[in-house]
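Working notes for the structure below.
These numbers were taken from a predicted model, which means no experiment stands behind them.
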Amino acid sequence: GERAFGPALRTLLANPKKAAKVERIEITRDWPEAAIVYRARKGVAESRFLDSSARFAANRGALPGAVQNLCVIGGELIQQLAQALNESKVLWDATKAPAQK
């Protein structure tokens with residue numbers, strides 16, 4: 001698995017078979033946190049990605065039970081994007097970030 005969310009998402013979009021296992025992707029807008037929820041052998045599992053920088057880690061426990069602004073992307077959309085990217089030959093090396101212009 002990937003340690004950062006961006007590379008993990010890039011890996012999913014480059015591989016429709018992996019993308020097909022995704023149930024949903026959750027991205028919080030208030031905290032630098034995301035999760036990929038997917039079907040695993042023993043049910044549903046998740047990979048959670050957190051910003052471990054000191055400024056966010058120090059404040060994380062300050063608001064127990066706080067409401068988070070959450071964006072959820074359904075697994076079907078991730079699968080469709082992966083298939084479209086692969087069918088149109090718009091592939092990239094999943095181990096490298098796209099070139100900056």
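The environment of CD in Glu76 is sparse: at most 12 heavy-atom neighbours from other residues, nucleotides or ligands sit within 6.0 Å.
From Lys21, atom NZ reaches atom CZ of Arg41 across 7.5 Å, with rounding to the nearest 0.5 Å. The CD1 atom of Ile73 sits 12.5 Å away from atom CZ of Arg24, with the distance rounded to the nearest 0.5 Å.
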Step by step, work out the side chain to side chain contact (heavy atoms under 4.5 Å, CB included) result for Arg48 and Glu26.
-> CA-CA 9 Å; Arg48 188 155 294 279; Glu26 302 172 348; 3.8 Å; yes

What's the verdict on side chain to side chain contact (heavy atoms under 4.5 Å, CB included) for Ile27 and Phe5, showing C-alpha distance, side-chain angles and the deciding distance?
-> CA-CA 10 Å; Ile27 303 169; Phe5 178 67; 4.0 Å; yes

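With sequence neighbours left out, the side-chain contact (heavy atoms from CB on, under 4.5 Å) criterion links Gln79 to Ala20, Gln83.
No donor-acceptor pair closer than 3.5 Å links the side chain of Asn15 to the backbone N or O of Ala82.
When all heavy atoms of Leu13 and Ile78 are compared, the pair lying nearest together is CD2-O, 4.0 Å. Nearest heavy atoms, Phe49 versus Ala8: CZ-CB, 3.7 Å.
Ile36 and Leu85 end up in the same hydrophobic cluster when Ile, Leu, Val, Met, Phe, Trp and Tyr side chains are linked at under 4.5 Å.
For the pairing with Ile25, the side chain to side chain contact (heavy atoms under 4.5 Å, CB included) check across Leu9, Val72, Leu77, Val37 returns one residue only, Leu9.
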